[in-house]
Amino acid sequence: MRYWLMKSEPNVYSFDDLLKDGRTMWDSIRNYQARNFMRDDMKIGDQVLFYHSNAKPPGVAGIAEVVSEPYPDPVQFDPASNYHDPKSDPDNPRWILVDVKPVEALPRFVSLEELRGAKSLSEMPLLQRGQRLSIQPVTAAQFRAVRKMASKKPAASSGS
DNA sequence: GCCAACGTTGGC
DNA sequence: GCCAACGTTGGC
């Protein structure tokens, strides 16, 4: 089993939205590297850190799970969508996605600031300079470390 | 709103 | 294939 971090802007689609929906298509990803992770590397049962980006504060809100094989993102063929891709050939779709479902809301939100402060996470892609991918692999150890942080009180931070 | 860091596009 | 211009991401 593999572990991932997937970013979503909560004002667009939050972890609460996923809890409400019970399942969702991870659509509108228009980055080849992120697509390749979904198409080539994700397996049903993989565990996902659901990350709120462009949020105040940004951080991990919950755990999700991959629940489908990869399949074409239907949004790419929708001319009304911002994520329509007129260059994508229906016989050979360019954009591929998977479905995810919620596993649990974390006992508490773990902010980006707190992640940055954890030595065990220093290698996490999210925390590397210039890393902007919206889908990133994380190691089992990193996944467990985040989960564990969420079950404990926040460490004292230098700020505020 | 700023802007650094990347990714993509398209002329050549 | 190079690379300048442009667009996007996302923390701050």
Whole-Å distance between [N] [atom2] and [X] [atom1]?
X      : N     : atom1 : atom2 : answer
A:I29  : B:dT8 : CD1   : P     : 13 Å
A:Q33  : B:dG7 : CD    : C1'   : 10 Å
A:E9   : C:dT8 : CD    : C1'   : 11 Å
A:D85  : B:dT8 : CG    : P     : 12 Å
A:Q131 : B:dG7 : CD    : C1'   : 12 Å

Legend entry - Straight-line distance of A:S68 OG to A:I44 CD1, nearest 0.5 Å: 6.5 Å
Inset, instruction - Answer yes if the side chains of A:D21 and A:T24 hold a donor-acceptor pair under 3.5 Å, and no otherwise. - result: no
Under 3.5 Å between N/O atoms: give me all the protein pairs with nucleotides 9-12 of chain B, atom names plus distance.
none

Inset, instruction - Let me know which of A:M1, A:K148, A:Q47 forms a side chain to side chain contact (heavy atoms under 4.5 Å, CB included) with A:F143. - result: A:Q47
Legend entry - Test ring-ring contact (aromatic ring centres under 6.0 Å, His included) applied to A:Y71 and A:W26, step by step: CA-CA 11 Å; A:Y71 64 98; A:W26 206 260; over 10 Å; no
Legend entry - Listed partners of A:R30 passing side chain to side chain contact (heavy atoms under 4.5 Å, CB included), at least two apart: A:D73, A:V75, A:Q76, A:Y83, A:W95
Inset, instruction - Verify, without hydrogens or angle tests, whether A:R35 (side chain) and A:R94 (backbone) share a donor-acceptor contact under 3.5 angstrom. - result: yes
